[in-house]
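Residue indices begin at 1 and follow the sequence shown.
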Amino acid sequence: PSVLFSILGGMASAWMLTQWLEATLAVFLLGLSGWMLLRPRWRLAATTRSAVLGGALSGGMAGLVGTGGAVRGMTLAAFDLRKDVFIATSAAIDMAIDLSRAAVYARNGYIHAHDLVWVPLLAVVAMTTNDTPIICNGFKDAEFIEMAMLALKMGRKIIPVVEKYTELDLIIRYAEK
């Protein structure tokens with residue numbers, strides 16, 4: 001249900017005021033935080049109903065306002081998953097939500113063509129470890145090189161393939177920043 005409601009939420013976001021969505025999210029998260037502080041032993045029941053409702057709510061929130069991780073985490077925590085299973089499950093759901101939401105956001109005009117050049121590098125960075133070398137070959141504009149150098153500074157093993165002198169100048173400039 002997360003993916004379906006993420007798509008529906010993303011579509012609905014085009015018709016709703018951003019300020020209203022942000023205020024609703026703030027009130028919801030403050031209310032949820034207050035509830036959990038006042039009732040520290042409260043837990044969501046580990047039922048199919050909880051999983052479906054939690055998935056729908058987290059996906060819908062992700063589509064509408066761009067975040068649903070708090071609800072997804074609370075829902076997954078109800079099932080006492082091992083840490084590695086919890087992380088893998090959350091990551092898989094997040095990937096599915098983000099991919100479906102990205103298509104809707106592109107349709108709504110939130111993502112522009114010039115932003116799409118970043119997608120391959122971001123996908124590789126997200127799915128690899130710091131030890132995995134990432135070879136950047138092909139078309140590289142200034143924004144792409146800047147992102148690659150940022151990933152390098154964050155500890156990733158980035159190997160840019162220099163095809164033009166202009167790329168080398170950009171790599172040096174962004175590496176020194």
Side-chain angles (χ1 to χ4, degrees), residues 1-113 115-134 147 150-151 154-157:
S2 291
V3 173
L4 173 64
F5 279 85
S6 173
I7 292 168
L8 294 174
M11 291 168 61
S13 71
W15 306 309
M16 303 178 101
L17 293 175
T18 304
Q19 296 85 354
W20 186 85
L21 292 173
E22 290 172 351
T24 302
L25 175 65
V27 168
F28 173 77
L29 291 176
L30 285 170
L32 179 62
S33 299
W35 174 264
M36 295 179 84
L37 283 171
L38 294 172
R39 301 190 185 283
R41 295 188 188 276
W42 180 83
R43 289 191 53 136
L44 190 62
T47 64
T48 302
R49 182 173 187 252
S50 294
V52 170
L53 290 175
L57 184 58
S58 71
M61 287 175 57
L64 276 172
V65 294
T67 184
V71 173
R72 180 174 47 257
M74 184 177 69
T75 303
L76 288 175
F79 293 89
D80 288 325
L81 302 172
R82 285 190 342 253
K83 184 178 180 180
D84 59 333
V85 174
F86 180 98
I87 292 169
T89 303
S90 184
I93 293 168
D94 196 38
M95 176 79 79
I97 286 173
D98 286 348
L99 289 174
S100 63
R101 184 174 54 166
V104 175
Y105 283 3
R107 182 181 155 274
N108 288 352
Y110 304 153
I111 300 173
H112 305 98
D115 297 323
L116 296 177
V117 71
W118 298 54
V119 172
L121 179 61
L122 292 172
V124 170
V125 167
M127 292 188 266
T128 60
T129 66
N130 282 355
D131 297 329
T132 306
I134 300 171
M147 178 63 84
L150 180 60
M154 292 171 51
R156 297 301 183 131
K157 291 186 177 179

Side chain to side chain donor-acceptor pair (under 3.5 Å) partners of [X], counting only residues at least two apart:
X    : answer
D98  : R101
S100 : none
T89  : none
T48  : none

Show me, pair by pair, the donor-acceptor contacts under 3.5 angstrom made by side chains of residues 64-76, not counting sequence neighbours?
residue: R72; atom: NE; partner: S90; partner atom: OG; Å: 3.4
residue: R72; atom: NH2; partner: D94; partner atom: OD1; Å: 3.3
residue: T75; atom: OG1; partner: V71; partner atom: O; Å: 2.8

Looking at residues at least two apart in the chain, or sitting in another chain, which of them share a side chain to side chain contact (heavy atoms under 4.5 Å, CB included) with [X]?
X    : answer
A14  : N108, Y110
L4   : L8
A151 : V125, R156, I158

Would you name the heavy atoms of [X] and [Y] that are closest together and state the gap between them?
X    : Y    : result
A78  : A46  : O-CB, 3.3 Å
F86  : A77  : CE1-N, 3.6 Å
G10  : Y105 : CA-CE1, 3.9 Å
I111 : A102 : CD1-O, 3.6 Å
G55  : S58  : O-OG, 3.3 Å
A56  : F5   : O-CB, 3.4 Å

Using only atom types and a distance under 3.5 Å, with no angle test, would you say the side chain of S6 pairs donor to acceptor with the backbone of A62?
no

List the residues meeting salt bridge (charged side-chain N to carboxylate O under 4.0 Å, His left out) with [X], not counting sequence neighbours, and say none if there are none.
X    : answer
R107 : none
R82  : D84
D131 : none

Atom NZ of K157 and atom CG of N130: how far apart are they, to the nearest 0.5 Å?
9.0 Å

Within the 4.5 Å heavy-atom criterion, are M61 and I97 side-chain neighbours or not?
no

Identify every side-chain donor-acceptor pair in residues 20-37 under 3.5 Å, counting partners at least two apart or on other chains, and give the distances.
residue: T24; atom: OG1; partner: W20; partner atom: O; Å: 2.8
residue: S33; atom: OG; partner: L29; partner atom: O; Å: 2.8

